[in-house]
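Here the structure comes first, spelled out in structure tokens, and everything after it is commentary.
When reading the values below, keep in mind they use all heavy atoms of this one structure, side chains included, and skip hydrogens, waters and symmetry mates. Each chain gets a letter, A, B and so on, in the order the sequences are listed, and its residues count up from 1.
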Amino acid sequence: MFFKGEPDYKNAGIGLKKMMDISKKTGNPAIPDFFIRKEKHIEGIINFIEEVIPKSYPFSIDVTDPSVKLQILELLHEKNLLHRTIYNSIHVGITDEEREALRKYTPEMALIVAFNPKDKSPDGKLEVLENGAHLTDSGLLDIAKNAGIKKLLIDTAALAPGDNSGAAIAAIPVIKEEYGLPAGCAIHNVVEKSKWLDDFTNSRKTVDASSNVNIPLFGGDYAIFGPIENAELVFPTIAWQDILLSEYTEAYFGTEPVDFHPRRKLL
Amino acid sequence: MNQHFITTVIGSYPVQVDTTDLMKNYFNQTESSWNKYIESAVSDMTAAGIDMVADGQTRDPFINIFTRKLKGCRIRDRTEIIDKVEYDDPITLDDQKYVRELIPKDKKLIGLIAGPYTLMKSCVDLHYKDEKELAFDFAYALKQEAEQLQKHVDMISIDEPFFSNEMPDYSKELIETVAKNLSCPKRLHACGDVSAIVPKLAELPVDVLSHEFKASPQLFDAFKKYDFPQSLCLGSVRSDDPRVESVEEITNHIQKGIDIFGDKISQLAPDCGQRLLPRDVAFQKLKNLVQAGENVNG
């Protein structure tokens, strides 16, 4: 949310309600992600989160500007929101100041982007998690743990076709097997920015959906999508895939779906 | 005395990678170029006055540069060997071509290859269970890289730091596998104290032997006991100590080398790669080395 332009809180509230409704209807949990681009947006967006998101509910803070990250962490601490915060994200671009801020104002959860500019294969993603690929002084997992962050999500760093695109999907079961951590990716970002798809404008949403179904198919635990208006397309698509997989895995492995699984909603 | 040595480097050079920029490009789904880091290393070497420069090995530690691109290797905390090691595509060729574009016509370029024995010893072998077989597969793969490089560089350096710990009986054959029939001159670099293995080094089929005479001054005595066919690259400033040696100190060191080895000295260089030094220190060491070389050359 709030990825482009000035934050539109009225429409954001409407979008959030629609997403939570469809989440309830399909059975797939939703966690809102708030993109904060500029310093001037920090207070307004954090206030919006306090007002709109239920008190027991987690949310994700998505920031790229290192200096903005530091201010947000301090404000989340002041407002006693760090225990509900997913810090999006820790990656090889982490600064010393950011590490210090994370130690001081530690969020409960963090998303780790396993992007390795030296090697975009699943092996490269493991390398950057384990030792930082000599771009950081230690692996990204250790950086997060040393900051005291308890719960980690791994983003397998989706890339465009022609640039090792399949690696982000292939890395999902590899990372889950290796670390037992939940994994997923933001493949919608690749679809959205694809110049190749400019020649096939009517196909972008279909390609987005078809890319996203790979995430549950390969055992992914979450899919990051956007903007929030796409919720009505994304939730049934992922739920459909979850049901398909569940019926198969129960027949083959005897694995029964949990109580809130989309398949329970179907029955 | 009219000496005919040149100043050069062993390989790596310090670089500050802008990881924030790399991530910014990732989020925008744009490709990052490594050229600016190569350029920063090369421009320091040329500005310092080095005659024969290298690409600075800025992409990775020198083992990973090769194992990242060779089949059969995967990088974890260390490189693991999980299948037969084979050459796939050129590893450092594009970087060498880029450096050639950057440097003036009167500068030379040295291509760098991690030695097969050092690669073997640096990896965790989960496939071969036979050190010699793995070392030779590395050698066959590196030979193909050397063949790619030979048309684009003025010399190829094979870096075998592990030789100072242990030099196996098959060392000559191993280095020959990489170096044989290459059209450009070859250098073997082994840092550490190689005093005990000088006779074996003398048998290697290379044109230049490169060692850290500054950190290990006992090498002067060790080498003067033997007749060796190669010329020497005289390590003249330390790579493991941030203290910048004065021009006078380096001049005296070079003069000592000339007094002992005469025109056997063909190259002056730092003792080893400079990757772990602060950039300003690495640059000043190169600058002082060049100045000292000019003092001795007259």
Side-chain angles (χ1 to χ4, degrees), chain A residues 3 35 62-67 69 88-95 97-98 113-140 142 155 157-165 174 178 186-187 189-196, chain B residues 12-38 56-83 88-89 91-92 94-95 114 122-124 126-127 273 275-276:
Chain A
F3 192 72
F35 195 78
D62 189 348
V63 193
T64 50
D65 184 335
S67 65
K69 283 182 172 185
N88 183 4
S89 54
I90 290 172
H91 46 65
V92 295
I94 193 167
T95 62
E97 293 78 13
E98 188 180 348
V113 180
F115 174 63
N116 181 351
K118 297 178 179 180
D119 181 356
K120 293 163 184 170
S121 74
D123 278 336
K125 296 175 196 299
L126 291 183
E127 182 192 6
V128 84
L129 291 172
E130 284 194 15
N131 68 14
H134 295 276
L135 293 166
T136 51
D137 58 9
S138 59
L140 297 181
D142 280 344
D155 178 337
L159 289 160
D163 192 18
N164 230 328
S165 59
V174 175
E178 194 81 11
I187 207 159
N189 193 33
V190 175
V191 180
E192 191 177 293
K193 292 195 165 66
S194 170
K195 290 191 167 46
W196 184 77
Chain B
S12 68
Y13 195 77
V15 68
Q16 187 65 45
V17 177
D18 185 352
T19 54
T20 307
D21 185 55
L22 291 173
M23 286 310 296
K24 195 173 160 190
N25 288 337
Y26 163 69
F27 288 124
N28 291 327
Q29 292 285 305
T30 52
E31 187 68 28
S32 291
S33 167
W34 205 262
N35 285 354
K36 64 181 171 184
Y37 302 118
I38 298 172
Q57 295 185 313
T58 57
R59 288 181 183 272
D60 257 325
F62 82 121
I63 298 293
N64 290 17
I65 287 175
F66 292 88
T67 58
R68 196 177 288 290
K69 296 275 186 75
L70 290 172
K71 282 184 184 172
C73 306
R74 72 174 181 197
I75 298 176
R76 290 287 189 270
D77 198 24
R78 289 166 63 192
T79 295
E80 296 175 351
I81 306 301
I82 55 168
D83 205 345
D88 191 5
D89 284 320
I91 299 167
T92 62
D94 285 347
D95 288 351
S122 303
C123 296
V124 179
L126 304 175
H127 177 74
R275 184 169 186 266
L276 298 178

Any idea which heavy atoms bring [X] and [Y] closest together, and the distance?
| X | Y | value |
| --- | --- | --- |
| A/Pro66 | B/Thr20 | CG-CG2, 4.3 Å |
| B/Arg74 | A/Asp123 | CB-OD2, 3.5 Å |
| B/Val17 | A/Leu135 | CG1-CD2, 3.9 Å |

Keeping the roles fixed (side chain from [X], backbone from [Y]), state whether a donor-acceptor pair exists under 3.5 Å.
| X | Y | result |
| --- | --- | --- |
| A/Asp119 | B/Arg68 | no |
| A/Lys118 | B/Arg59 | yes |
| B/Gln29 | A/Ala158 | yes |

Which atoms of [X] come close to chain B, meaning under 4.5 Å heavy atom to heavy atom: side chain ones, backbone ones, both, or neither?
| X | value |
| --- | --- |
| A/Val190 | both |
| A/Ala157 | both |
| A/Asn116 | side chain |
| A/Lys195 | neither |
| A/Ser89 | side chain |

- line: Most contact-rich option vs chain B, by heavy-atom pairs under 4.5 angstrom, among A/Asp163, A/Leu159, A/Ile94, is A/Leu159

- prompt: Can you find a heavy atom in the side chain of B/Met23 that is under 4.5 Å from one in the side chain of A/Val92?
  reply: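 Of all side-chain heavy-atom pairs linking A/Val92 with B/Met23, at least one is under 4.5 Å.
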
task: Using a 4.5 Å cut-off on heavy atoms from C-beta on, say whether the side chain of A/Glu127 contacts that of B/Asp77.
output: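 When only atoms from C-beta onward are counted, A/Glu127 and B/Asp77 do not touch, as no gap falls below 4.5 Å.
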
- prompt: What's the spacing between B/Asn64 CG and A/His134 NE2 if we round to 0.5 Å?
  reply: 5.0 Å

message: Nearest 0.5 angstrom please: A/Phe115 CZ to B/Thr19 OG1, how far?
response: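 Reported to 0.5 Å precision, the distance equals 11.5 Å.
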
Worked check of side chain to side chain contact (heavy atoms under 4.5 Å, CB included) between B/Arg76 and A/Leu126: CA-CA 7 Å; B/Arg76 290 287 189 270; A/Leu126 291 183; 3.0 Å; yes

- prompt: Between B/Phe27 and A/His91, how do the two ring planes meet: parallel, tilted or perpendicular, split at 30° and 60°?
  reply: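 Correct class here is perpendicular.
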
